[in-house]
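Each remark here refers to the structure printed beneath this line.
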Amino acid sequence: MLGLLLCGHVAAQSQAQAEVLAGEILTLSEARASVKVGGVNRAVSVPPGLARQLGLAQDYFFVGKTAVESGNARYLLLVLQTPSTTHRGVGHCGAGTEDILRVLAFERAALRLVQRGQLVLQSCLDSLSLSDDTGASLRERMESIAKPDCLRLQWLGHPKYGEEPVALHVYRGKLVQGCGVGNPAR
C-alpha cells in the first residue's frame, strides 16, 4: 500500500508546506516554522525536541497538503526520516532510516506547534516496513493523499496491526484505528 523500507541516504528537503486554515500556509524549514496570514509571515514556535529531530532528518514532509480538523483543533501529519544510527552503519541496516509519522497540533492563537502523538511507519533497526506494490517512494505516496483525515496503511508484519490493512485517523491528537467522526471505534 505505501512506500518501501528505505535503507539509504536521501537528501533533506529544504521545507514542507501545508494549509492550516483557508488561505493560511504553514511552512516548516529546518527547525523553524512560519504561517502566512494575509500576505504576512508570522513565526510559529516549534517544540525543542521536534527542532532537534528536524535538524537530524534526511527528509521531512507533510501527509497531504492540508491540516486535519478534529473537534476544534487542527493537526498536521508530519513524516520525519531520520538516520537509524548516529554512525551511519557502513552499508548495513544501520545505514537506513527510521520513518516516524508525528501528529502536530497547530495552536493558532499561540502560534505554536505541539507534538501530540507519533507512529513508527518504517524502521531499518526494527525490520518494519510498509507494504507497497506501486514502486512510489514514501514521500510520493504520503504527499499525494488528498485528505489526510483517514490514512489507510498496510505493513509487512506490524507488531500491533499485523499484515492486514488498517485505517487510522486523528482523535484528540492521537492516531486511532478506524475512520469515523470523533469515534475511535468506527
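When reading the values below, keep in mind they use all heavy atoms of this one structure, side chains included, and skip hydrogens, waters and symmetry mates.
- The shortest side-chain heavy-atom distance between Gln53 and Ile100 does not fall under the 4.5 Å cut-off.
- Taking 4.5 Å as the limit, every side-chain heavy atom of Leu101 sits out of range of all side-chain heavy atoms of Leu168.
- Under the rule for a salt bridge (charged side-chain N to carboxylate O under 4.0 Å, His left out), the partners of Arg108 that lie at least two apart in sequence or sit in another chain are Glu24.
- Atom CG of Leu80 sits about 11.0 Å away from atom CD of Gln58, to the nearest 0.5 Å.
- Sequence neighbours left out, not one pair with a member in residues 153-171 passes salt bridge (Lys or Arg N to Asp or Glu O under 4.0 Å).
- Results of the side chain to side chain contact (heavy atoms under 4.5 Å, CB included) test with Gln122 over Val79, Leu130, Leu128 single out Leu130 as the only residue that passes.
- At a threshold of 4.5 Å between non-hydrogen side-chain atoms, the residues Leu153 and His158 do not count as touching.
- In the hydrophobic cluster analysis, where Ile, Leu, Val, Met, Phe, Trp and Tyr join through side-chain heavy atoms closer than 4.5 angstrom, Leu28 is grouped together with Leu111.
- Hydrophobic clustering places Val37 together with Leu113 (ILVMFWY residues linked when any side-chain heavy atoms are closer than 4.5 Å, directly or through intermediates).
- Applying the side-chain hydrogen bond (donor to acceptor under 3.5 Å, both in side chains) test to Thr27 and every residue at least two apart in sequence or in another chain returns Gln17.
- Follow the hydrophobic side-chain contacts under 4.5 Å out from Leu77 and you reach Val120 in the same cluster.
- No hydrogens or angles considered: a donor-acceptor pair under 3.5 Å links the side chains of Glu98 and Ser84.
- Considering only residues two or more places apart in sequence or on other chains, Glu19 meets the salt bridge (charged side-chain N to carboxylate O under 4.0 Å, His left out) condition with none of them.
- A heavy-atom distance below 4.5 Å is not found between the side chains of Asp149 and His169.
- Considering only residues two or more places apart in sequence or on other chains, Arg52 meets the salt bridge (charged side-chain N to carboxylate O under 4.0 Å, His left out) condition with none of them.
- For the residue pair Ala167 and Arg152, the shortest heavy atom distance occurs at CB-NH1, 3.3 Å.
- With sequence neighbours excluded, no residue forms a salt bridge (charged side-chain N to carboxylate O under 4.0 Å, His left out) with Arg102.
- Qualifying side-chain hydrogen bond (donor to acceptor under 3.5 Å, both in side chains) partners for Glu143, counting only residues two or more places apart in sequence or in other chains: Arg139.
- Taking CG of Leu54 as the start and OG1 of Thr82 as the end, the distance is 10.5 Å to the nearest 0.5 Å.
- Checking side-chain atoms of Tyr60 against main-chain N and O of Glu30 turns up a donor-acceptor pair under 3.5 Å.
- Closest approach of Trp155 to Leu121, counting heavy atoms only: NE1-O, 2.8 Å.
- Residue Val63 is tested with Val68, Leu76, Ile145, Leu78 for a side chain to side chain contact (heavy atoms under 4.5 Å, CB included); the sole match is Ile145.
- Sorted by first and then second residue, the pairs that involve residues 114-129 and meet salt bridge (Lys or Arg N to Asp or Glu O under 4.0 Å), not counting sequence neighbours, are Glu107-Arg116.
- In the hydrophobic clustering of ILVMFWY residues, with side-chain heavy atoms under 4.5 Å counting as a link, Leu175 and Tyr161 come out together.
- With values rounded to the nearest 0.5 angstrom, Ser34 atom OG is found 6.5 Å from Leu26 atom CG.
- Within the structure, salt bridge (Lys or Arg N to Asp or Glu O under 4.0 Å) contacts touching residues 73-82 (residues at least two apart or in different chains) are Glu69-Arg74.
- Annotation for Thr66 and Pro148: closest pair O-CG, 3.4 Å, computed over non-hydrogen atoms.
- Here the side chains of Leu125 and Thr85 are in contact, with some heavy-atom distance below 4.5 Å.
- Nearest heavy-atom pair, Ser70 versus Val170, reported as atom, atom and distance to 0.1 Å: OG-O, 3.4 Å.
- Placement of Val166 and Leu151 within a single hydrophobic cluster is found when ILVMFWY residues are connected by side-chain heavy-atom separations under 4.5 Å, directly or transitively.
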Please report, to 0.1 Å, the donor-acceptor pairs under 3.5 Å made by any side chain of residues 41-50, with sequence neighbours excluded.
none

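- Closest non-hydrogen pair, Gly173 versus Val103, comes out as O-CG1, 3.4 Å.
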